[in-house]
Amino acid sequence: VALLILVKDKSKSGQAEIYYHDIGDYLSREEKLARLKEYVHIGKVSWKRIIPNKAHDWINQRNEDFETFPTIGTKQHVVNEGVLFKLYCRGLMTCRDAWVYNFSQVELEGNVRCMINEFNRHVELVNSGYITQRNVEFQINNDPKKIAWSGDLKIALLKGIPHTFEDAGRVMPSIYRPFIKMWVYLSRVFNNSIYHLPKIFPEPDIENVVITVKAPGSSKEFSTLVVNHIPDLHFLGDVQIFPLYKYEKYEELTDDKSKWEDVLNNHLAGKIITAPSGNRYVRYENITDWALKEYRKHYGEDVTKEDIFYYVYGLLHSFEYRERYRNDLKKMLPRIPFVSSVEDFWAFSNAGRKLADLHLNYET
């Protein structure tokens with residue numbers, strides 16, 4: 001809440017001047033009003049002149065150094081220089097947590113089958129013409145004990161395609177909140193948005209490690225935690241996830257003749273993984289080649305993409321880094337500076353590995 005006072009001065013030319021006074025954080029309503037009463041009039045307020053920066057920040061201004069560092073990720077389709085991770089995405093958004101999450105795998109399956117049966121009952125009404133795009137909001141059953149509707153599920157309903165438990169998705173391990181493991185039903189139909197998660201966690205027994213960070217725009221302080229299962233969107237608040245590996249189905253790559261070269265090249269950089277299900281995947285390291293080249297230039301030819309991954313995790317836990325770039329981390333994705341010495345790089349990378357071991361294997 002702010003009081004905004006606008007003064008029109010015809011004798012003033014050029015841009016307006018901005019002055020600001022902060023009466024204090026975490027005050028009650030009564031304390032705020034009492035503080036205002038003490039001022040009597042605006043002439044007694046100790047105003048501070050504000051000069052907005054190029055990002056148009058008035059207060060809590062960003063550090064200009066921050067933008068000079070390589071970014072952790074970009075949404076551009078072509079990843080060029082200055083980017084550390086090729087692929088990243090948000091955590092899982094279900095819009096149906098009560099239905100598709102459960103501590104019991106058996107209960108989860110029962111809940112999902114119940115929901116799918118109710119969905120298919122509505123599909124029959126769509127195909128009979130009883131439910132149409134025009135009346136769908138009024139004809140669907142909104143009983144929360146039967147199903148949880150959202151805009152995406154209504155769109156799927158109007159396609160008139162029934163689904164079964166087996167073809168609509170799969171049961172996967174997940175991390176619902178920090179250090180809280182649950183089973184989740186991963187489905188393009190019955191989850192609101194799964195983003196790139198099938199490329200990060202394609203099957204339950206395919207290994208991966210991801211760094212989760214609080215997404216920009218949060219009112220809470222920056223935080224990060226590494227996990228090895230699908231994280232929920234609200235895992236730490238809204239989260240973005242940066243994986244160590246990304247996966248492509250081998251058959252899908254080889255069906256497309258234009259991608260054969262990618263598969264062959266990957267034999268040199270990665271390997272083909274066969275899941276317990278029999279499906280084969282091509283595993284790519286998700287740190288960019290640009291990052292590997294730059295880090296080897298700074299810290300030696302022994303550096304691997306995995307070392308860079310854990311360097312990032314270690315650095316994101318640095319109290320000095322978090323405090324110096326506190327305002328930046330609230331407004332944009334992390335940017336990762338190069339430290340000044342080889343010793344510091346390995347100190348952060350080794351610390352990142354040890355932290356990851358604690359955070360992933362806390363149960364043992």
Side-chain angles (χ1 to χ4, degrees), residues 53 55 60-74 79-88 178 207-216 218 220-228 231 235-236 239-246 269-270 284-362:
N53 61 17
N60 302 324
Q61 294 190 349
R62 284 167 255 207
N63 189 311
E64 291 184 1
D65 292 342
F66 194 75
E67 285 197 53
T68 67
F69 305 146
T71 183
I72 196 171
T74 178
V79 177
N80 294 315
E81 297 181 356
V83 181
L84 299 187
F85 287 82
K86 300 173 189 173
L87 175 79
Y88 76 99
E207 68 165 337
N208 211 342
V209 180
V210 302
I211 297 172
T212 69
V213 300
K214 195 183 298 291
S218 172
K220 298 178 181 178
E221 292 298 314
F222 175 82
S223 59
T224 179
L225 189 62
V226 72
V227 297
N228 54 4
F235 175 67
L236 296 171
V239 295
Q240 301 279 2
I241 68 173
F242 297 84
L244 178 59
Y245 303 118
K246 67 172 185 172
Y284 297 87
E285 291 180 297
N286 194 40
I287 296 291
T288 64
D289 293 336
W290 174 87
L292 181 63
K293 178 183 175 182
E294 289 299 311
Y295 275 79
R296 284 181 171 176
K297 187 189 300 181
H298 281 78
Y299 310 117
E301 291 298 315
D302 292 339
V303 174
T304 67
K305 291 186 176 182
E306 191 173 290
D307 295 327
I308 298 169
F309 179 87
Y310 288 112
Y311 166 79
V312 170
Y313 194 54
L315 190 79
L316 291 177
H317 280 87
S318 161
F319 293 119
E320 181 183 355
Y321 172 84
R322 290 192 188 191
E323 184 57 36
R324 181 179 297 180
Y325 304 114
R326 182 169 175 261
N327 295 330
D328 305 81
L329 292 169
K330 283 189 174 183
K331 298 171 182 178
M332 54 201 302
L333 286 173
R335 287 177 170 267
I336 308 299
F338 293 102
V339 288
S340 57
S341 70
V342 174
E343 292 75 19
D344 285 346
F345 169 80
W346 287 111
F348 275 116
S349 184
N350 292 333
R353 283 182 185 273
K354 291 178 181 179
L355 282 169
D357 183 54
L358 287 169
H359 296 158
L360 294 174
N361 302 306
Y362 61 92

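When a residue number appears, it is its place in the shown sequence, counting from 1.
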| F319: what forms a side chain to side chain contact (heavy atoms under 4.5 Å, CB included) with it, not counting sequence neighbours? | none
| request: Please identify each residue that fulfils salt bridge (charged side-chain N to carboxylate O under 4.0 Å, His left out) with E207, with sequence neighbours left out. | output: R283
| salt bridge (charged side-chain N to carboxylate O under 4.0 Å, His left out) partners for K297, two or more places apart | E294
| Residues which pass side-chain hydrogen bond (donor to acceptor under 3.5 Å, both in side chains) with D289, listed by chain and number, not counting sequence neighbours | K305
| field | All salt bridge (charged side-chain N to carboxylate O under 4.0 Å, His left out) counterparts of D357, not counting sequence neighbours | value | none
| remark: Hits for ring pair (Phe, Tyr, Trp, His ring centres under 6.0 Å) against F242, two or more places apart or cross-chain, chain-then-number order -> F85, Y88
| query | Under the side chain to side chain contact (heavy atoms under 4.5 Å, CB included) test, which residues partner N228, sequence neighbours left out? | reply | L360
| task | With sequence neighbours excluded, tell me which residues meet side-chain hydrogen bond (donor to acceptor under 3.5 Å, both in side chains) with T71. | result | none
| field | Sequence neighbours excluded - salt bridge (Lys or Arg N to Asp or Glu O under 4.0 Å) pairs with any residue from residues 331-350 | value | D57-K331
| task | Tell me, please, which residues at least two apart from K330 pass salt bridge (charged side-chain N to carboxylate O under 4.0 Å, His left out). | result | E221
| query | Any side-chain heavy atom of S349 sitting closer than 4.5 Å to one from Y299? | reply | no
| task | State yes or no: are the ring centers of F338 and F69 separated by less than 6.0 Å? | result | no
| said: The criterion is side chain to side chain contact (heavy atoms under 4.5 Å, CB included); which residues satisfy it with E320, sequence neighbours excluded? | reply: S318, R324
| query | Any side-chain donor-acceptor pair under 3.5 Å between D307 and T304? | reply | yes
| Does T224 have any side chain to side chain contact (heavy atoms under 4.5 Å, CB included) partners at least two apart in sequence or in another chain, and if so, which? | I211, V213, F222, Y313, L316, H317, R322
